[in-house]
Amino acid sequence: MKILLGITGGIAAYKACELARMLVRGGHQVRACITDAGSRFITPLTLATLTGEPCFGANPEYHEWRPNPKVEHVDLAKWADLIAVVPATADIMGKTANGLADDLLSTVLLAARGQVLWAPAMNHAMWKHPSVQKNLATLRGYGHAVVDPAVGFLAEGESGIGRLAELEDIFEAIQIAVSPKIPAFTGKRVLVTAGPTREDLDPVRTLTNRSSGTMGLEIARAFRYAGAEVHLVIGGDLRVPWGLEATRVRSAQDMLEACEKMWSAMDGLVAAAAVADQRPEHYAVEKVKKSEGPENLVLVRTPDVLATLASEKRSGQWVVGFAAESENHVANAQAKLVKKGLDAILVNDISQGKGFGNQGNSLTPVTSKGASAVMGPLPKDRLAQAVVHWLGDYFGG
Ligand code: CTP
């Protein structure tokens, strides 16, 4: 996609260099447009070098007021699929919110045809000022996306809200904005379970499994990219990416309760969590002391989150499960599909240690009509996108 990176005058401007690199590495065509104030923090040469494109705006070689028959602000606005202003000062947001344009970046912003995304960074008192908040509300009202600043240490030595959001969050917000949408999922509400569950024996010991949660998390991201509203119910410790609502859970029972609360408002479920099938019969409030001789641990079954939600599904809702199989993949998955009342099941081949951790993975979609072609081996992010495309075709007819 074509991304115009607008850079304004704040100390966080130096971080825009790394974002430019990330976007180029992510396969985007990136052009930078820097304001005069921005160019006091970083140079147009840095941006031109990182993007492989001329840097527009306050550039001695490519300056904003050079005679140009192309009408540069309109040309750039038409070129960009998305304009991301990173960092955005109170000044540039105030200008755009109020229809003011006195330099190249502000004129491009008023002439924008594609999407606009703001990543503000400023002192916490400035951020909280009613005029800044009013301008932000105006920009949101225009349909612009905003990646709110983070709380932390600010350049002037104070602490509070105002730091530029993490670059990976800004990158994620850009990806969400520019990714092609899948009609079957646009505006739909999708519930995704992910990660391992933990069944505690006592305050320090727990029963869990080797799932990292990466696959479920990537499925959630891929749905978000496709245009769905996603709620992730996640066990384990993986960081939840920007743009996903999430509920953090511990045990299978917690996961069921969290899912039950929102299931009726959802259009679909993908259960990618590695839910513990058993839990200790008793939880010891105090740490259990070791004893001599053999010790017994009595386990009881946990609720099946997927089967429970499938049994409660109303018309129009769809349910997709995962199956981790080390043999007879398709036959076992089909039996699971019928037993749990699913619309589709994605079979994960875990023979020879495959399927866990961060390496490439393969999945075979199985429905009542039989098995489809295997997807993969692919890295989990790309595999998740392939899965969501496949589901989009399947449910979209
Ligand atoms: N699942 C669940 N709640 C459980 C157990 C499983 O929601 N208590 C979901 C998983 O998220 C996954 C699917 O059910 O979507 C896996 O089904 P399961 O029967 O547990 O398959 P396996 O883990 O392959 O187990 P088995 O060893 O019984 O084949």
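Just so you know, ligand 1 is whichever comes first in the structure, and atom 1 is the first atom listed for that ligand.
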When you check the side-chain N and O atoms of E199 and Q278, is any donor under 3.5 Å from an acceptor?
no
Measure from atom 24 (O) of ligand 1 to every heavy atom in K336, K340, E325 and give the option owning the shortest one.
K336
Does A274 have a non-hydrogen atom less than 4.0 Å from ligand 1?
no
Can you list the atoms of ligand 1 that are under 4.0 Å from a heavy atom of F322?
12 (C), 13 (C), 15 (O), 16 (C), 17 (O)
Heavy-atom pair with the smallest gap, counting every atom of A222 and V388
CB-CG2, 3.6 Å
Angle between ring planes, W318 versus F395, binned at 30° and 60°: parallel, tilted or perpendicular?
parallel
Contacting atoms of ligand 1, where contact means under 4.0 angstrom from a heavy atom of G321
15 (O)
Heavy atom of protein inside 4.0 Å of atom 8 (N) of ligand 1, strictly below:
yes
Contact check, side chains of Q253 and T302, non-hydrogen atoms, under 4.5 Å:
no
By number and element, which atoms of ligand 1 are closer than 4.0 Å to a non-hydrogen atom of A273?
10 (C), 11 (O)
Using the rule side chain to side chain contact (heavy atoms under 4.5 Å, CB included), only one of T96, L136, V147, D148 pairs with W118; which is it?
T96
If we count only N and O atoms by modelled type, under 3.5 Å, do the side chains of N135 and T138 hold a donor and an acceptor together?
no
With the threshold set strictly below 4.0 angstrom, can you tell me whether any protein non-hydrogen atom sits that near atom 26 (P) of ligand 1?
yes
What about A324: any of its N or O atoms under 3.5 Å from an N or O on ligand 1?
yes
T193 N/O under 3.5 Å from ligand 1 N/O:
no
Nitrogen or oxygen atoms of A323 and ligand 1 under 3.5 Å apart
no
Can you find an N or O of V305 that's nearer than 3.5 Å to an N or O of ligand 1?
yes
Over 60° means perpendicular and under 30° means parallel, so tell me whether H144 and Y142 are parallel, tilted or perpendicular.
perpendicular
Could you walk me through whether D169 and R239 pass the salt bridge (charged side-chain N to carboxylate O under 4.0 Å, His left out) check?
CA-CA 11 Å; D169 292 341; R239 179 178 190 261; 3.0 Å; yes
Report yes if A271 has an N/O atom closer than 3.5 Å to an N/O atom of ligand 1; otherwise report no.
yes
Residue part near ligand 1, for A252, under 4.0 Å between non-hydrogen atoms:
neither
Just wondering, do M262 and T247 contact through their side chains at under 4.5 Å, heavy atoms?
yes
Pairwise side-chain contact, Q175 with R221, heavy-atom cut-off 4.5 Å (strictly under)
no
Just heavy atoms, cut-off under 4.0 Å: does D277 contact ligand 1 by side chain, backbone, both, or neither?
side chain
In ligand 1, which numbered atoms sit nearer than 4.0 Å to a non-hydrogen atom of V275?
1 (N), 2 (C), 3 (N), 4 (C), 5 (C), 7 (O), 8 (N)
